[in-house]
Amino acid sequence: MDKNTMLGLLLMGAIILGFMWLNQPDPRPDSKMPVEEVTTDQAQAMTDDLLASKADTLTPAEITMLAGAIRQYGEADSTGRYALNTPQMRLSTDGNTVNGYVTVDSTDININNLVHPELSSTALPSVKAMNQAIASVKSTLRNLSQYHGFARYLHGENKTLKLENDVISLDLSSKGGIISRAELKKYDSYRGGKVVVINGDDDIYSFVLNSADREFDTRDFYFTPVQENDSTVLMSLNLGNGASFGMRYTLAPESYVVKMEIVQQGMQSIIPSNVATMDFLWSQKMIRQEKGRIFEERNSAIYYKYAGGDVENLKETSNDDEEINERIKWIGYKNQFFSMAFIPKSHFNSANLTSRVLTKEHSEYLKELDAVTTLDYNAGNPVPAAFDILIAPNLYPLLSDLQSNLQPDENLNLTRLIPLGWALFRWINTWIIIPVFDILGHWFTNYGIIILLLTIFIKLIIFPFTYKSYMSQAKMRLLAPEIKEINDKYPGQENAMTRQQKTMALYSKAGANPMAGCLPMLLQMPVLIAMFTFFPSCIELRGESFLWAKDLSAPDAILSWTGNIPLVTEYFGNHLSLFCLLMTATNIIYTKITMASQPSSTAMPGMKWMMYLMPVMFLVFFNNYAAGLSYYYFLSLLITIVQTYIFRHVVNEEKMRAKMREAAKKPRKKSGFMARLEEAQRQQQAMLREQQKAKKGGNRR
């Protein structure tokens, strides 16, 4: 460091020290109080003194506007005075003057202090409080000019009233005038307590009205609740100047349907006559109701019915949205066993529906569902819209009665909320399975026994097909030695056509048809598939225990784990179900018995292993299904095995063989099927000869 640099640094230090000495605090007793000794109250007082000259006031023009707004949107008493009360202010007028108070931080400030503070005979509040009060009054004026009579309901206290009967309990919230909680009294949640379909902000719906310059969304306002009687509550907004708007809810005894009416009066002063529609918005985070998330998620979706048409639904397993420009009779948010639906007395004009699947991090919820719809509206109609709100279990007899009686002029097809399969399978379920199941339910209380009796009933119905199938298999089994002789006599692929012709000729002479055993099995398939759709949707099984299964509507897990099996967990789950395991074991035994009764064939040697692989595949796919379904299939297979052994002891195979020999001696007219099969074989054999000739010709060249 050179001499000039050192001199520069010393000079700068001297200047800084001199500046600090000249600006040090005055140590004399009469000097200003040190900053660190100023208290909070003193600081507030000093701030108020500094701001005193900036205090605002309400102008005479604003008071005149406020008086006019109170007269237009306030309530009149018997003396002719008008009052406008909100949580922030209580004001009244009998002309152009305004009296009352504005509340700031629990302190009431006289409105006159905000106009002429110098005329006040009492101590004024802080300037800060007065400015807040003036800002509140001006904000109210702005809101009244935009929201009209709705403005004073933008703030308030959220009050709750209750409506309930023996089956459902409802909480009605003054914030938005909506059903804020719905609890089904007869159904238990896996979390404990009762099933809750609506819970606070998880489910919000509202109506949107449009004026010339403003939207009025009912979810923004605090309604005044009025308990009209034990079954009816009115959520009302008195908008002043003879105008009112509200929602009336009525819950009848023993009913899962809440009747809601939009009621209004004098709305022509707020809503222009050319406004012919209002919007209906409905958002729901669907609450998870079952312990098994995977299957519940697969059976939850938005359902809707076209006016005079069919019921459709959005995708269950992925995100989906739908823009509908046709009239819709109802919209429902369907869970596996519980549903909520809005059913207008008229219809929705159009709808935009959205469904979003939530990830497993949202453990208590399944999906986010949204509906934006439009309805007809008339400001002069005292009841511009009315709804039946369904909050109910997906119980087929209940929904069947409701769809017939709720609005008799139109079939609501509410039973479509229960997925019972395609037309044929649904017909079997609705006309056979469900009636028998309900009858058994009136006689027995144990649903394990009911499923057993239902299985026996179904096996009796399909018994003729089962017997026909067995007799066909028996004939094929008796012909097994002859078929083996044909296979041994004509071995190799080059004799495949000859071997097939000889085999078919043997069938024809003996009166056996290889397809006769398949047809009865095909006729049984609709019943088996119908049961596949019935049990997962049967809410009667929910929470019903049998043997080791605690809930027949859920998997009966005997072993669980936390890890995931790649490519399998989505179907198999993280557990092992005992009834599914028993069904699989029984299926393997039945397959072994069936394969033993079939004649041996060298045509498809891998078919045997394929037949044994099928039960294992069923184990993967059925492990996550309802225990009641696996229990039914287990019983059905077990009864079929017992029937097979009974048939073997009852049917005299020697007599059957003798009849087949006698039939072989008689000339037998070929059936249409056998004739077509032989013709197809001849054509195939001719094509094979042509191919062989062409191949030999090519080799010579």
Side-chain angles (χ1 to χ4, degrees), residues 290 292 294-301 313 316-317 334 336-337 394-396 415-438 440 447-448 450-462 465-466 518 520-542 544 546 549 551-556 570-573 577-588 590-591 613-640:
E290 311 304 321
I294 296 176
F295 204 76
E296 183 181 8
E297 189 176 276
R298 292 181 197 167
N299 288 273
S300 301
N313 63 276
E316 296 95 339
T317 57
K334 174 207 171 291
Q336 182 179 1
F337 291 123
N394 297 332
L395 186 63
Y396 190 90
T415 54
R416 293 285 177 172
L417 289 168
I418 305 175
L420 295 174
W422 296 337
L424 175 60
F425 312 131
R426 191 173 189 89
W427 185 91
I428 294 172
N429 277 320
T430 55
W431 290 98
I432 301 175
I433 304 303
I434 292 177
V436 174
F437 192 82
D438 290 341
L440 293 174
Y447 277 87
I450 291 174
I451 294 175
L452 172 61
L453 296 175
L454 179 65
T455 308
I456 294 173
F457 171 78
I458 294 172
K459 298 302 286 187
L460 288 175
I461 290 178
I462 63 177
F465 303 119
T466 306
C518 298
M521 290 298 296
L522 290 175
L523 294 175
Q524 296 179 49
M525 287 302 294
V527 177
L528 296 175
I529 297 174
M531 301 306 293
F532 175 79
T533 60
F534 169 73
F535 278 105
S537 303
C538 183
I539 192 174
E540 289 91 340
L541 299 180
R542 187 178 184 274
E544 296 293 334
F546 180 67
D551 186 350
L552 287 171
S553 70
D556 55 319
E570 182 180 355
Y571 304 98
F572 192 80
S577 301
L578 183 53
F579 271 129
C580 186
L581 197 60
L582 290 174
M583 178 197 73
T584 302
T586 309
N587 202 355
I588 292 174
Y590 176 69
T591 301
L613 183 62
M614 289 299 293
V616 178
M617 294 176 62
F618 287 152
L619 172 64
V620 173
F621 287 103
F622 280 79
N623 187 66
N624 215 32
Y625 275 68
L629 178 64
S630 298
Y631 173 52
Y632 164 75
Y633 282 142
F634 163 67
L635 290 175
S636 180
L637 288 167
L638 197 61
I639 293 173
T640 302

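These figures come from a predicted structure and were not determined experimentally.
Legend: residues meeting ring pair (Phe, Tyr, Trp, His ring centres under 6.0 Å) with Phe457, ordered by chain and number and at least two apart, are absent. Applying the side chain to side chain donor-acceptor pair (under 3.5 Å) test to Ser553 and every residue at least two apart in sequence or in another chain returns Asp551. A search for ring pair (Phe, Tyr, Trp, His ring centres under 6.0 Å) contacts involving Tyr631 returns Phe546, Phe579, not counting sequence neighbours. For Thr584, there are no side chain to side chain donor-acceptor pair (under 3.5 Å) partners, not counting sequence neighbours. Under the rule for a side chain to side chain donor-acceptor pair (under 3.5 Å), Glu297 has no partner lying at least two apart in sequence or in another chain. Listed by chain and residue number, Glu316 satisfy the side chain to side chain donor-acceptor pair (under 3.5 Å) test with Asn313 (two or more places apart in sequence, or in another chain). Legend: residues meeting ring pair (Phe, Tyr, Trp, His ring centres under 6.0 Å) with Phe634, ordered by chain and number and at least two apart, are absent.
A distance-only check finds no donor-acceptor pair linking the side chain of Tyr633 to the backbone of Cys580 [under 3.5 Å]. Using a distance-only test at 3.5 Å, with no hydrogens or angles considered, a donor-acceptor pair links the side chain of Ser537 to the main chain of Pro419. Under a 3.5 Å cut-off, the side chain of Glu544 and the backbone N or O of Tyr447 do not form any donor-acceptor pair.
Relative ring orientation between Phe618 and Phe622 is described as perpendicular, the plane-to-plane angle rising above 60° on a 0-90° scale split at 30° and 60°.
Note that the CG atom of Leu637 and the CG atom of Asn587 stand 5.0 Å from one another [nearest 0.5 Å]. Atoms CG and CD1, from Leu460 and Ile456 in turn, are 7.5 Å apart once rounded to the nearest 0.5 Å. With rounding to the nearest 0.5 angstrom, the CG atom of Leu582 is 10.0 Å from the CG atom of Leu635. With rounding to the nearest 0.5 angstrom, the OH atom of Tyr590 is 14.5 Å from the CE atom of Met583. Atom CG in Leu552 sits 9.0 Å away from atom CZ in Phe535 (nearest 0.5 Å).
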Practice task
Apply the test side chain to side chain contact (heavy atoms under 4.5 Å, CB included) to residues Lys459 and Thr640: give CA-CA distance (whole Å), side-chain angles for both, the deciding distance (0.1 Å), then the verdict.
Solution key: CA-CA 8 Å; Lys459 298 302 286 187; Thr640 302; 2.6 Å; yes
Practice task
Evaluate side chain to side chain contact (heavy atoms under 4.5 Å, CB included) for Ile461 paired with Val527, printing each intermediate quantity in order.
Solution key: CA-CA 10 Å; Ile461 290 178; Val527 177; 6.0 Å; no
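The aromatic ring centroids of Tyr632 and Phe534 lie 6.0 Å or more from each other.
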Could you give the side-chain donor-acceptor pairs of residues 424-436 under 3.5 Å, partners two or more places apart or in another chain?
{"residue": "Arg426", "atom": "NH1", "partner": "Ile418", "partner atom": "O", "Å": "3.0"}
{"residue": "Arg426", "atom": "NH2", "partner": "Thr415", "partner atom": "O", "Å": "2.7"}
{"residue": "Arg426", "atom": "NH2", "partner": "Ile418", "partner atom": "O", "Å": "3.4"}
{"residue": "Asn429", "atom": "ND2", "partner": "Leu420", "partner atom": "O", "Å": "3.2"}
{"residue": "Asn429", "atom": "ND2", "partner": "Phe425", "partner atom": "O", "Å": "3.3"}
{"residue": "Asn429", "atom": "ND2", "partner": "Ala530", "partner atom": "O", "Å": "3.1"}
{"residue": "Asn429", "atom": "ND2", "partner": "Thr533", "partner atom": "OG1", "Å": "3.1"}
{"residue": "Thr430", "atom": "OG1", "partner": "Arg426", "partner atom": "O", "Å": "2.8"}
{"residue": "Thr430", "atom": "OG1", "partner": "Trp427", "partner atom": "O", "Å": "3.4"}

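Side chains of Glu540 and Phe437 form a contact here, defined as non-hydrogen atoms less than 4.5 Å apart. Residues Asn299 and Lys334 meet the side-chain proximity criterion, which asks for heavy atoms closer than 4.5 Å. Side-chain contact between Ile458 and Ser636 is absent, with no heavy-atom pair separated by less than 4.5 Å.
The nearest pair of heavy atoms linking Thr455 to Ile451 is OG1-O, 2.6 Å.
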